[in-house]
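Atom set for the values below is all heavy atoms of this structure, side chains included, hydrogens, waters and symmetry mates excluded. Throughout, numbering of the chain's residues begins at 1 and tracks the sequence. Since the model is a prediction, treat every value here as computed from it, not as a measurement.
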Amino acid sequence: PGLSCLLGVDYSGGVILFNQFLYQIKKEFNRNNANMIILGTSGSGKSTAAKILLRSNIRNGHKIVAIDPEGELEDMTRLYGGDFINLGLGGEYGMINPLEVIVDSDAEEGGGNAVLTRTLQSLKAFMKYYAPDIEDDVLTLFSEVVQDTYARFGITFTSDFTQFTSNQFPTFSDVYVTVTSKVTSMTEKTHERDVMERLELKLRPFVRELQYYFNGHTSINTDSDFLVFNIKELMNSDVNVRNALLFNVLKFAWGLCLNPNVNTVLSVDEAHVLLGAKNELGAEFLAQVQRRARKYNTGTIIITQQPSD
């Protein structure tokens with residue numbers, strides 16, 4: 001009971017206590033991980049319930065990584081000495097490089113090979129959020145161009161990604177250079193050149209009007225044990241830009257939950273925004289997070305209005 005939080009009382013007046021990480025100290029047939037989902041209609045108290053759970057985890061000394069679409073956690077973050085990062089300003093105020101590799105694999109799973117494979121898959125999911133109408137041949141070529149760009153930076157399937165820092169990864173400017181140089185070198189009008197030109201059109205906004213959201217090295221200090229990503233300003237963006245941004249934040253947040261020596265809580269509010277975008281790659285990424293969380297002693301809190309998710 002000392003590690004639990006008081007959620008309320010039942011109809012008979014009995015106290016309801018809940019410990020998200022109970023499976024670590026007491027084996028139960030129906031609880032073998034710390035993942036949970038909070039369902040409810042708008043205004044039913046989902047965020048309030050999540051705050052109670054987060055406070056309990058803070059009290060228990062657990063690390064908190066939260067994605068906050070409404071800026072509701074600011075007071076709580078300040079109160080407990082956490083870092084409240086406003087990603088709506090972009091650029092130097094809070095950049096997350098979509099091309100930074102998240103090390104979420106180890107030798108038994110294939111090491112760098114598996115890490116880079118997952119990164120390429122998540123980048124394809126990112127592009128599908130940004131451009132749902134992207135053709136398969138353009139998406140395939142995008143993956144190949146990204147691999148070529150990584151290779152220019154000494155990044156291969158056998159790389160030891162634990163030795164890389166944020167500034168050593170390429171950015172979308174580098175990917176765009178790869179594409180434009182390939183287009184320039186194709187003197188004849190071929191199908192491959194046509195696909196490459198269509199890819200160039202898809203990538204051009206990343207280095208122009210959307211550069212402050214997507215083009216640059218990661219500039220976020222992640223040393224805090226209570227980290228909240230405020231994405232309220234992003235929620236008013238174009239729906240495809242918003243979904244790509246939200247997915248990019250989720251991927252980065254997951255990368256902060258991979259220390260098996262610390263119990264970590266990953267809280268994702270408004271999850272239906274990601275899952276409702278008919279992006280199978282993105283939904284699969286979130287499903288992978290759920291499956292792999294226990295391995296890193298991470299528990300997820302997924303908050304959504306859509307039970308079908």
Side-chain angles (χ1 to χ4, degrees), residues 3-24 26 28-60 62-74 76-77 125 129 227-232 234-236 239 242-243 245-247 249-251 253-254 257 263-294 296-309:
L3 296 175
S4 302
C5 66
L6 175 63
L7 283 182
V9 295
D10 61 19
Y11 289 111
S12 64
V15 172
I16 300 174
L17 298 174
F18 182 77
N19 178 2
Q20 190 171 352
F21 288 87
L22 182 65
Y23 78 95
Q24 294 179 340
K26 180 182 179 182
E28 292 189 330
F29 71 93
N30 62 344
R31 295 270 309 275
N32 56 14
N33 60 54
N35 298 334
M36 60 181 297
I37 185 167
I38 300 178
L39 289 169
T41 56
S42 179
S44 60
K46 299 186 300 297
S47 296
T48 299
K51 287 178 186 176
I52 293 173
L53 292 165
L54 290 178
R55 277 200 296 268
S56 171
N57 281 293
I58 291 169
R59 185 191 69 212
N60 292 341
H62 300 164
K63 180 177 179 178
I64 307 293
V65 180
I67 298 175
D68 182 12
E70 298 296 333
E72 295 179 341
L73 296 176
E74 182 170 8
M76 182 176 165
T77 308
Y129 277 119
L227 199 61
V228 176
F229 297 104
N230 174 30
I231 58 171
K232 185 175 182 178
L234 308 184
M235 300 304 284
N236 297 321
V239 62
R242 177 201 68 190
N243 290 345
L245 283 162
L246 185 52
F247 178 74
V249 174
L250 173 62
K251 186 183 77 164
W254 166 241
C257 302
N263 282 354
T264 304
V265 173
L266 174 62
S267 174
V268 184
D269 205 343
E270 303 286 354
H272 52 276
V273 171
L274 274 179
L275 296 173
K278 296 184 174 63
N279 185 333
E280 293 180 3
L281 290 171
E284 174 58 24
F285 178 84
L286 198 53
Q288 274 192 21
V289 168
Q290 298 282 335
R291 289 194 294 267
R292 296 169 59 77
R294 175 179 166 133
Y296 298 105
N297 286 325
T298 291
T300 60
I301 301 176
I302 307 297
I303 307 164
T304 180
Q305 297 179 21
Q306 303 290 344
S308 59
D309 293 345

Thr304 versus Lys46: any side-chain heavy-atom pair under 4.5 Å? no
Kindly check if the number of other-residue, nucleotide or ligand heavy atoms within 6.0 Å of NZ (Lys51) is above 12? yes
Side chains of Leu286 and Leu250: closer than 4.5 Å at any heavy-atom pair? yes
Where do Phe229 and Ala253 come nearest, in terms of heavy atoms and distance? CE1-CB, 4.1 Å
Note: Asp269 and Ser47 closest approach over all heavy atoms is OD2-OG, 3.2 Å
Would Asn263 and Gln24 satisfy side chain to side chain donor-acceptor pair (under 3.5 Å), going step by step from the backbone distance to the final call? CA-CA 10 Å; Asn263 282 354; Gln24 294 179 340; 2.9 Å; yes
Which value, rounded to the nearest 0.5 Å, describes the distance between Asn33 atom CG and Arg291 atom CZ? 12.5 Å
Quick one: do Gln20 and Asn57 satisfy side chain to side chain donor-acceptor pair (under 3.5 Å)? Show the steps, please. CA-CA 8 Å; Gln20 190 171 352; Asn57 281 293; 3.2 Å; yes
Residue pair Ser56 / Leu54, side-chain heavy-atom distance below 4.5 Å: no
What closest approach, in Å, do Asp68 and Leu73 show between heavy atoms, and which atom pair accounts for it? OD2-N, 2.8 Å
Can you name the nearest heavy-atom pair linking Asn297 to Phe21, along with the distance? O-CE2, 3.7 Å
Is there side-chain contact between Thr300 and Val268, with at least one heavy-atom pair below 4.5 Å? no
For residues Leu3 and Asn60, report the shortest heavy-atom separation together with the two atoms involved. O-ND2, 2.9 Å
Nearest 0.5 angstrom please: Lys63 NZ to Leu227 CG, how far? 7.5 Å
CZ (Phe247) and CG (Asn243) are apart, to the nearest 0.5 Å, by 11.0 Å
Residues Ile231, Leu245; criterion side-chain contact (heavy atoms from CB on, under 4.5 Å); working and verdict: CA-CA 9 Å; Ile231 58 171; Leu245 283 162; over 6 Å; no
Indicate yes or no: at least one non-hydrogen side-chain atom of Ser267 is less than 4.5 angstrom from one of Ile303. yes
Show the numbers, then the answer: is there a side-chain contact (heavy atoms from CB on, under 4.5 Å) between Arg242 and Asn236? CA-CA 7 Å; Arg242 177 201 68 190; Asn236 297 321; over 6 Å; no
Rounded to the nearest 0.5 Å, what's the gap from CG on Leu53 to CG on Asn19? Could you check? 10.0 Å
Gap between atom CD of Glu72 and atom OG1 of Thr77 - 0.5 Å precision: 11.5 Å
Separation between CD of Gln305 and CG of Leu39, rounded to the nearest 0.5 Å: 10.5 Å
Can you tell if the side chain of Trp254 reaches within under 4.5 Å of the side chain of Gln288, non-hydrogen atoms only? no
If you define the side chain from C-beta out and look only at heavy atoms, does anything of Ile64 sit under 4.5 Å from Leu266? no
Answer yes or no: is there a donor N or O on one side and an acceptor on the other, between the side chain of Arg294 and the main chain of Gly299, under 3.5 Å? no
Test side-chain contact (heavy atoms from CB on, under 4.5 Å) on Lys251 and Val249; report intermediate values, then the result. CA-CA 5 Å; Lys251 186 183 77 164; Val249 174; over 6 Å; no
Least distance between heavy atoms, Ala34 atom then Thr298 atom: CB-O, 4.5 Å
Evaluate the side-chain proximity of Leu17 to Leu7: yes if any heavy-atom separation is below 4.5 Å, no if none is. no
Full working for side-chain contact (heavy atoms from CB on, under 4.5 Å) between Asn32 and Tyr23: CA-CA 6 Å; Asn32 56 14; Tyr23 78 95; 5.5 Å; no
